[in-house]
Asker: 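Handing you this structure, nothing more for now.
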Amino acid sequence: MFSNHAGLLRQLSALLCVVAATCAVHGVAAAQESNSSIPRSSLPKELAQLSEAELSRIARLSPLPALPADPTNRFAENELAARFGQRLFFETRLSPVGVSCATCHDPARAFTDGRPLARGVDDAKRNTPSVLDAARRRWIGWDGKFDSLWSQALSPLENPAEMGSDRVTVLRVIRDDAALREGYEAVFGAFPQELAASAEDPLRAHITRTQAQQALVDATTANILKALGAYQRRLTLGEAPMDRAVSALKAGQRVAEDEFDDSAMRGLAIFVSRGGCYQCHRGAVFTDEEFHNLGFVGANGRVADDPARLAAVDFVKANPWNAAGVWSDAPSSPKGQMVRALRRSGELFGQFRTPSLRGVAETPPYMHDGRLATLADVVRFYDTLEGASPVGHHGEAVLEPLGLTDQDRADLVRFLQSLSGKTPNPEWTRDPRASEVRTNPPAGR
Ligand code: HEC
Ligand code: HEC
C-alpha cells in the first residue's frame, strides 16, 4: 500500500516535471524519499557550523538512485543489443576516415579525448563530454539537443566534422561484414532482404531509393542507434569516496580519512553553503538537469557567441528521431511529453546544461568549449568570475564573486576530486574487437 503510494507520488512528480519549467529530477525526488538526515551529535568539526538546510543538502548528495528507465528504446536493457552496440562503438570502419565513437570517447580517458575542442574529421566547436552516466541525463549534449541517448548517436555518425559518415554507409558496412551482421541479426532478426547487395545496391551512397527502401534504411538505422544506446547505458559510474563519506555521516560514523580528508570535508561544507554550487549542481546526480548561462565571453568579445539551448530547443522539437517521433518506442511517455511541451524563449540564448560533477576530476579540460584547463581554474573562475561578463542581457543572476581564500579553493578542488568512482562493470569499457579475433577466427571469404 505504502510503496504503491510512493510510486504514485513519483509518477505524479514525473508528470509535474513535464509541466513545470524547473523541478527536481525524478531520480532526486525518488532519492529524497528514502534519505535519512545527518545526525548533529557526531558531526565532524568542519560541518559543525552548517544549518539544517545545508546538512540536508549533504544528505541528498548520495546514494545515486537506480538508472532511470528509457521506454523510448525497447532494446535499452537487452544484453545482446548492448554487446552489439559495444562492437559498433569501437568500430572505425563505420566512418570512411576511420574515426569511431571511441576515438573521441576514449575509455582510457574516462570516455573523453582530453582536448579542449573535439577533433574528428575536422575540428568541432565543442568539448567532448564523457559518456559515463550519460544515461542518467534528461537532455543529452552540452545544449541538450537530444532527448534520448540513442537518438544522439546519429549526430556524430553523420556530422562531417566528426565521423563524416552517413546512415547508408553504416548499414552497408554492417551488411557486408559477417561478424557485424551476425551481431545485428542476433538482436533484430534478419537484415532486410530489400537492402541486400546487388548490381542496383540500395545502400550505395548517392542513388535514389524508393520510399519503401528509404523507410527500411531508417528503420534499420533506428535499430543501430538503439544498440548504441543500450551499450552506453552500461557505461556507468560507481560509488565514489564522497558516497561513502555521506553514508558514514548519516550513520553517525567516522568518515575514512584516507579517502575523504579534512580538506574534502571543508570543501563539501563550502559546496552546500557559501560556494552556492548546490544551487545548480544538486542532488546525487550533481545537476539540476537545467540550462544556465554562466556569462562566458565568446570569441567575439561579447556574451556567448553560441546560441546553445535556444537553437537546441528548435532542433530537438523538429528532430524526427525525438522521443515523441515515429522511431520512439514510447511516444506518449514522459520523455515524449517533455519534448512536446518545450517552448523556445529568448532567455535560452547561450544557456548550457549544468553538467554532473560525478567523475569530473577525470575529464579535463572543462566547460562546453574546454576553456578551463584544470579544476583549480574552474574554482578560480567561480571565485572571481574572471572571463565572464558582469550580468549581461541574458546573464545569470545567481553567480557572484565568492571571495574565497586560497585554502577554500584548494578544499573545493579536493572535494571535487572525491566524486570519482570506478566504473562498476569493466568488461563494458574495453574494445571488444581484440578478443573477438582470438575467439572467432575471421570467416573465410
Ligand atoms: C569527433 C569526436 C567525437 C566522435 C567521433 C563522437 N563524439 Fe560524442 N561527443 C563529441 C562532442 C564534441 C560532444 C558534445 C557535443 C555537443 O554537446 O554539442 C559529444 C557528445 C556525446 C554525448 C552526450 C554526452 C552528454 O553528457 O550529454 C554522447 C552520449 C555521445 N557523444 C556519444 C557518441 C557516440 C555513440 C559516438 C559514435 C557514434 C560519438 N559520440 C562519436 C565528440 C565526439
Ligand atoms: C548557476 C548555476 C551554476 C552554479 C551556481 C555553479 N555551476 Fe558549475 N556549471 C554550471 C553550468 C551551466 C556549467 C557548464 C557551463 C558551460 O560549459 O558553459 C558548469 C560547469 C562546471 C564545471 C565543469 C564541468 C565539466 O565537465 O566541464 C565544474 C567543475 C563546475 N561547474 C563546478 C562548480 C562549482 C565548484 C560551483 C560552486 C563554486 C559551481 N559549479 C556553481 C552551472 C552552475
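Indexing begins at 1, ligand by ligand and atom by atom, following the structure's order.
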Asker: Select the closest option to atom 25 (C) of ligand 2 among Tyr278, Phe271, Tyr366, judged by heavy-atom distance.
Answerer: Tyr366
Asker: Once the angle between the rings of His281 and Tyr382 is folded into 0 to 90°, is it parallel (under 30°), tilted (30 to 60°) or perpendicular (over 60°)?
Answerer: perpendicular
Asker: For atom 19 (C) of ligand 2, state which one of Phe352, Phe415, Tyr382 supplies the nearest heavy atom.
Answerer: Tyr382
Asker: If you have a sec, work out which protein heavy atom is nearest atom 41 (C) of ligand 1 and how many Å separate them, to one decimal?
Answerer: Pro156 CB, 3.3 Å
Asker: Would you mind finding which of Gly120, Cys101, Pro129, Cys104 brings a heavy atom closest to atom 20 (C) of ligand 1?
Answerer: Pro129
Asker: Hey, is Asp201 close enough to Arg172 for a salt bridge, meaning N to O under 4.0 Å?
Answerer: no
Asker: Can an N, O or S atom be found in His105 less than 2.8 Å away from atom 8 (Fe) of ligand 1?
Answerer: yes
Asker: Specify the protein heavy atom at minimum distance from atom 35 (C) of ligand 1: its residue, its atom name, and the distance to 0.1 Å.
Answerer: Gln232 NE2, 3.4 Å
Asker: Heavy atom to atom 42 (C) of ligand 2, shortest distance: which of Gln279, His281, Arg126 holds it?
Answerer: His281
Asker: Measuring from the heavy atoms of Ser100, does anything fall under 4.0 Å of ligand 1?
Answerer: yes
Asker: Quick check on contacts: which atoms of ligand 2 are under 4.0 angstrom from a heavy atom of Gly276?
Answerer: 5 (C)
Asker: Is the closest heavy atom of Asn127 to ligand 1 under 4.0 Å?
Answerer: yes
Asker: Val131: heavy atom below 4.0 Å from ligand 1, yes or no?
Answerer: yes
Asker: Aromatic rings His368 and Phe296: how do their planes relate, parallel, tilted or perpendicular, breaks at 30° and 60°?
Answerer: tilted
Asker: Val378 heavy atoms, cut-off 4.0 Å: which ligand 2 atoms fall inside?
Answerer: 28 (C), 29 (C), 30 (C)
Asker: Which of the atoms in ligand 2, numbered in the order shown and given with their element, are less than 4.0 Å from a heavy-atom of Cys280?
Answerer: 1 (C), 2 (C), 3 (C), 4 (C), 5 (C), 42 (C), 43 (C)
Asker: So, does Lys125 sit close enough to ligand 1 that a heavy atom of it is under 4.0 Å from the ligand?
Answerer: no
Asker: Spell out, as yes or no, whether a donor-acceptor pair under 3.5 Å connects the side chain of Arg181 to the backbone of Ile174.
Answerer: no
Asker: Check each atom of ligand 2 against the heavy atoms of Gly275 and keep those under 4.0 Å away; list them by number with element.
Answerer: 37 (C), 38 (C)
Asker: So is Ala124 close enough to ligand 1, meaning a heavy atom under 4.0 angstrom away?
Answerer: no
Asker: Show your reasoning for whether side-chain contact (heavy atoms from CB on, under 4.5 Å) applies to Arg209 and Val168.
Answerer: CA-CA 11 Å; Arg209 273 171 293 276; Val168 180; 3.4 Å; yes
Asker: Taking the inter-plane angle between the rings of Phe415 and Phe260 on a 0 to 90° scale, is it parallel (under 30°), tilted (30 to 60°) or perpendicular (over 60°)?
Answerer: perpendicular
Asker: State whether a side-chain donor-acceptor pair under 3.5 Å links Asp377 with Tyr366.
Answerer: no
Asker: Kindly indicate whether the side chain of Tyr231, heavy atoms from C-beta on, has any atom under 4.5 Å from the side chain of Phe84.
Answerer: no
Asker: Output yes when the distance from some N or O of ligand 1 to some N or O of Gln152 is under 3.5 Å, and no in every other case.
Answerer: yes
Asker: Counting from 1, what ligand 1 atoms have a heavy atom of Glu162 closer than 4.0 Å?
Answerer: 1 (C), 3 (C), 4 (C), 6 (C), 7 (N), 42 (C), 43 (C)
Asker: Please could you name the atoms of ligand 1 that Arg353 approaches to less than 4.0 Å, counting only its heavy atoms?
Answerer: 25 (C), 26 (O), 27 (O)
Asker: Considering the heavy atoms of Ile140, write down every atom of ligand 1 situated less than 4.0 Å from one of them.
Answerer: 23 (C), 27 (O)
Asker: Should His368 be counted as touching ligand 2, given the test is an N or O pair under 3.5 Å?
Answerer: yes
Asker: Please compare Trp139, Phe89, Trp142 and report which has the shortest non-hydrogen distance to atom 17 (O) of ligand 1.
Answerer: Trp142
Asker: Under 3.5 Å between some N or O of ligand 1 and some N or O of Gly141?
Answerer: yes
